[in-house]
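In the text below, chain A, chain B and the rest are named by the order of the sequence lines, each starting its count at 1.
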There are 2 protein chains.
Amino acid sequence: MPAAAHPIDPSAEAGAAPAFSPLYQQIKALLTRSLQGGEWKPGEAIPSELELAARFKVSQGTVRKAIDELAAEGLLVRRQGKGTFVATHAEQHVKYRFLRLTPEEGGVPPVERRVLDCRRQRAPADVARALELKSGEAAVLVRRLLSAQGQPVVLDDIWLPGALFKGLSAERLSGWRGPMYEMFESEFGVRMIRAEEQIRAVAADAATAQWLMLETGAPLLSVERLSRTYGDKPVELRRGLYNTAHHYYRNELS
Amino acid sequence: MPAAAHPIDPSAEAGAAPAFSPLYQQIKALLTRSLQGGEWKPGEAIPSELELAARFKVSQGTVRKAIDELAAEGLLVRRQGKGTFVATHAEQHVKYRFLRLTPEEGGVPPVERRVLDCRRQRAPADVARALELKSGEAAVLVRRLLSAQGQPVVLDDIWLPGALFKGLSAERLSGWRGPMYEMFESEFGVRMIRAEEQIRAVAADAATAQWLMLETGAPLLSVERLSRTYGDKPVELRRGLYNTAHHYYRNELS
DNA sequence: TAGTGGTCTAGACCACATG
DNA sequence: ATGTGGTCTAGACCACTAC
C-alpha cells in the first residue's frame, strides 16, 4: 500500500480504477477521466494546480507530477502565468504533429485538399477489426487528394466509425478550413491523441496512378495509420499513398 | 537571476555554459558534459542522487529533476534500488530502438547480416556535408545485406567519419555478435543518442534488385538516417533500402 | 496587485536490491 | 541493515500574465 497515508477511494468519483498505484498516478487517471468525460473541453483551461490539490486532498506537487505526465503525452498544455489547457489540434504548433510529409528544399507541403468521395457503408472485415466495430456496422469512407502547387501528392482513404461521425458529408469536409483533426474535434467531439503507423513501399495501381498523375507501377509510400482517442479507443483508419518524388516522410528516433 | 540563491559558477567545473538557466538545467548540462567526457562509461552507474547533490551543492530534488530529463532522453537508465546507469545499446530493451522494421504476422525480423564491403575513401560532397567533414576527408563506407530466413530484406550503405573509426574492417564487422551500435560504442567509443530519418519510396535499380532478389523497378522503402552523438554531432549517415513485401516500418505518433 | 505555473528546498517515508 | 531510487508533503520564492 504505497500511498496509505492519503488513499483515494476509486469508487468515490468513478467506477473501477487502478486501485493502489502511486498517488500521482491515481490523480492522473482521474484527470484523464475528466478529460474523456468532457468536463473540460479542448482549448479550455483546467482548474489551477492549487484548486486540484484541494479537490483531491493532495499536495500541489503531487498534482503537478500528474499534470506533467499528461503534458508530456500531449493531452494538456501548460502556459506559465495563464494556466493549464486542454490540448487541441487547432494550435499552430501541433498542426504538423500528424503530418510528417515534408517538402524537399524549397518546396511546399501538400495543403490543397480535394474531397473525392464521402460515403456511408458497412465496414469491410479488416476495417471493422481495426476500428473494433461489429461486423457489418456502419462506417464512413472519405477519399481525398492532397496537392502541392497543383501537383497531386497524397491519395488518402479514411475510415471512420459511422456512429461517431453522423452528419459528415463531402460538403462539410470541403467547406472546412484548417486541419481535418481540428474538425473532428470541434464538430464531432472526437479528439485523436495517439496513432500507430505501418509504412511500406508499394507500386501504384492503374487507378491510383491516374489520380496522382504517375505511371502505373510507380513506387509510392503506403502509410496505414490507426488513430486512437482517450482510452486508446481506435477511431480512424487512414490509408495514404504518398508520391515521394518531391516530398519525404520525416521521422526522429531517440 | 532565477537561481540566485545557489548559483553554479560555470567556469568552476568547465568552460562557457548556458549561464543563467534553472539550476536543474545547469546540473543537467554538467552531467551531460561528464557523460560526453567519459567520466562514466556506458553501462556503469553514475554517483547516487545524494552524492551528486552534495557535489553540486544543491538539493536531491534538483539533481533528481536533471536526471529525470536525461533518463527521458534515453541517456541514463534508472533502476530502483540499484542506481542510475549510463544507457548502452547492449541493453535488451533498447536493442530495437533504432530498428523499426517489423515482420508481418508470424514472420521474423531481418537479423542475418552479411558484410558486402568495407572500405576507406574520401567522403563524397553530400556525405561530407551531412557528417560535417572537410571536403575530401577520409570516411568509411560499409555495405551490408540483412536477411530474414535466408531472404534478403535490407541493403544498407553506412558512412562513418574515418577519424573516429580507425581499424574498422569487414572482418571485425563480420565477427561481431550483436547490434552494430553496440560495437561502435564499445570498440570505438561512439555512442548514438539520436537520429533523424527521411523516408521515401523508390524503384529498385538493377544492382539493388539483384542483391535483394527482386525485379528491377520493384518498389523499395528508402530510409536515410543521420545519427548523432553527444552535442548533436553527426557520426553516421545510413542509407537503407528495404523490401517491404513481408516487413513494414512501424512508427508511433503522439 | 493577484493568480498562475516554474523552481528549489528539506525532510519524511516507501519499495527494491544487496549483503 | 544499508543504500538506492520513488513518492509525498509543506512551504518559500521566482517569472509570467492579466487586470
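Taking atom CD1 of residue A:I27 and atom P of nucleotide D:dC8, one finds them 9 Å apart after rounding to whole Å. When rounded to the nearest whole Å, the span between CG of B:D68 and P of D:dG6 equals 7 Å. If you take CG of B:L50 and C1' of C:dT9, they are 13 Å apart, rounded to a whole angstrom.
Note on A:R100 versus B:E197: no salt bridge recorded, every NZ/NE/NH1/NH2 to OD/OE distance being 4.0 Å or above. In this structure, B:E196 pairs ionically with B:R228, as a charged nitrogen and a carboxylate oxygen lie closer than 4.0 Å.
Look at A:R78 and you'll find a side-chain N or O under 4.0 angstrom from OP1 or OP2 of C:dG6. For C:dG5, neither phosphate oxygen OP1 nor OP2 lies less than 4.0 angstrom from any side-chain nitrogen or oxygen of A:R79. Look at A:T62 and you'll find a side-chain N or O under 4.0 angstrom from OP1 or OP2 of D:dT9.
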Check nucleotides 1-3 of chain C against the protein and report each pair of N or O atoms closer than 3.5 Å, with its distance, or say if there are none.
from: C:dG3; atom 1: N2; to: A:G81; atom 2: O; distance (Å): 2.9

Go through it in stages, so that I can follow the logic: the residues are A:F184 and A:H89, the test is ring pair (Phe, Tyr, Trp, His ring centres under 6.0 Å), and I'd like the CA-CA distance, side-chain angles, deciding distance and then a yes or no. CA-CA 9 Å; A:F184 291 172; A:H89 285 280; 9.2 Å; no
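Checked against D:dT7, C:dT7, C:dT9, the side chain of A:K65 finds its nearest nucleotide in D:dT7. Across D:dT4, C:dA10, C:dG6, the shortest atom-to-atom separation from the side chain of B:E51 is found for D:dT4. In this structure, the nucleotide among D:dT9, D:dG6, C:dT7 sitting nearest to the side chain of A:L23 is D:dT9. If you check C:dC8, D:dT7, D:dG5 against the side chain of A:Y24, the one that comes closest is D:dT7.
A donor-acceptor pair is defined here as one N or O able to donate and one able to accept, closer than 3.5 Å; such a pair exists between the side chain of A:R225 and the backbone of A:F98.
Inter-residue side-chain proximity for B:L76 and B:L35 is flagged as met; some heavy-atom pair is nearer than 4.5 Å.
Side-chain atoms of A:E236 and A:Y181 form a donor-acceptor pair, as typed in the model, at a separation below 3.5 Å.
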